[in-house]
Amino acid sequence: MEIIRDLEALERHPYPVTAIGNFDGVHLGHRAILKAAIDRARAAGGTAFALTFDPLPAKLLVPARAPKLILTPDDKLELLRLSGIDGVIVIKFTLDLSMLPPRDFVRDYLRGKIGVREVVVGHSVSFGHNRAGNAAVMVELGRELGFDTDVVGPVKVDGIEVSSTKVREAIAIGDMHRAARLLGRYHFLSGPVVRGRERGRTIGFPTANLASETECIPPDGVYATRVILDDGAYPSITNIGMRPTFAESARSIEAHIFDFTRDIYDQRIKLELVERIRPEKKFDTPDALKAQIAIDLSKAREILSAA
């Protein structure tokens, strides 16, 4: 998959078809848009692109109200690659770019720099200064400037319209099942394994301490999880929280991998969150905590064997 960050250096491609969006989560709604672009490009012998922005516009324009990202930039690119798209165009989002009216953006970027022949957008797309552009505006601009526009309708799961907002809402309450249904995959956190206080080792449950680079983290609690390493997925149980039994002051994400003895410090991992088992709670003694962990381990194994 080609990644283009400098549109001035973009070579002309045959019949460019461009899907436009933030694509945070690369959820089922996004995948419908990407598939439409791929299908249109294949039918015309062309090239399918996904066009996205870095940073997310809200991060620059309204940072205090900007949503937590479901994916890191690298994870988003990887999921876009797995969608089958031919290339991803990453446009640096700036204050100057935010001031462009919709027509200028489409004329200068989509037609002028990319040379689009078809554009694919979701029904709720917005673009241009003050988000003045929408799907209907894109259709009209396409007629004026010489490209076709395909507007992809909403995708619904269990009666819920799939969106990044709905995914974040599910993650925020620890409903990992709903999040997975909307994403079409399990939500995961990614980052390096770092050294912690090794509390788990002292009670017989060594853990991998994840320094999450993923912003969208579910609430504190115990989760049935899988640790994704280069050589496969390993069942695990994870505690997210403050470890109140030990009066810790910093939030941590600690995964105990079943029947696993390898040293993975400093390795980058992904942590799939399959199901929340219970909220985090304080125990009177380490022995009481160990007894609860044994119950949690049994529950996690049961969940993962069925997932």
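The residues of the chain are indexed from 1 along the displayed sequence.
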Mind jotting down which residue pairs meet the salt bridge (Lys or Arg N to Asp or Glu O under 4.0 Å) criterion with at least one end in [range]? Sequence neighbours excluded, please.
{"range": "residues 144-153", "answer": "Arg40-Asp150, Arg103-Glu144"}
{"range": "residues 298-307", "answer": "Asp259-Arg301"}
{"range": "residues 17-37", "answer": "Asp24-Arg168, Lys35-Asp39"}

Discussion item. Just to verify, what does Asp231 make a side-chain hydrogen bond (donor to acceptor under 3.5 Å, both in side chains) with, not counting sequence neighbours?
Written reply: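 Partners of Asp231 by the side-chain hydrogen bond (donor to acceptor under 3.5 Å, both in side chains) criterion, ordered by chain and then number, come out as Tyr234, Arg262.
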Item to complete: With sequence neighbours left out, write down each residue that passes side-chain hydrogen bond (donor to acceptor under 3.5 Å, both in side chains) with Ser98, or none if nothing qualifies.
Response: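 Here no residue qualifies.
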Worksheet item: With sequence neighbours left out, what residues match Phe23 under ring pair (Phe, Tyr, Trp, His ring centres under 6.0 Å)?
Response: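 So Phe23 forms a ring pair (Phe, Tyr, Trp, His ring centres under 6.0 Å) with His30.
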Fill in: Sequence-distant partners of Tyr186, ring pair (Phe, Tyr, Trp, His ring centres under 6.0 Å), two or more places apart
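Ring pair (Phe, Tyr, Trp, His ring centres under 6.0 Å) list for Tyr186, sorted by chain: empty.
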Discussion item. According to side chain to side chain contact (heavy atoms under 4.5 Å, CB included), who are the partners of Arg81, at least two apart in sequence or on a separate chain?
Written reply: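 Here the qualifying residues are Met1, Glu78.
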Item to complete: Sequence neighbours left out, what passes side chain to side chain contact (heavy atoms under 4.5 Å, CB included) with Ala233? Give chain and number order.
Response: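 Applying side chain to side chain contact (heavy atoms under 4.5 Å, CB included) to Ala233 gives Arg226, Ile228.
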Side-chain donor-acceptor distances from residues 3-11 under 3.5 Å, at least two apart:
residue : atom : partner : partner atom : Å
Asp6    : OD1  : Glu8    : N            : 3.1
Glu8    : OE2  : Lys113  : NZ           : 2.5

Item to complete: Give me the other members of the hydrophobic cluster that Leu56 sits in, counting Ile, Leu, Val, Met, Phe, Trp and Tyr linked by side-chain heavy atoms under 4.5 Å, directly or via other members.
Response: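 Taking Ile, Leu, Val, Met, Phe, Trp and Tyr as members, Leu56 shares its hydrophobic cluster with Leu69.
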Worksheet item: How is the hydrophobic cluster of Val194 composed, in terms of its other members, when Ile, Leu, Val, Met, Phe, Trp and Tyr link through side-chain heavy atoms under 4.5 Å apart, directly or indirectly?
Response: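 Direct or chained contacts put Val194 with none.
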Practice prompt. Look only at the side chain of Thr52 and the backbone of Asn22, and say whether a donor-acceptor pair between them is shorter than 3.5 Å.
Written response: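 Yes; judged by distance alone, with no hydrogens or angles, the pair exists.
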Worksheet item: Does His187 use its side chain to pair, donor to acceptor, with the backbone of Ala179 at less than 3.5 Å?
Response: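 Such a contact is absent between His187 side chain and Ala179 backbone.
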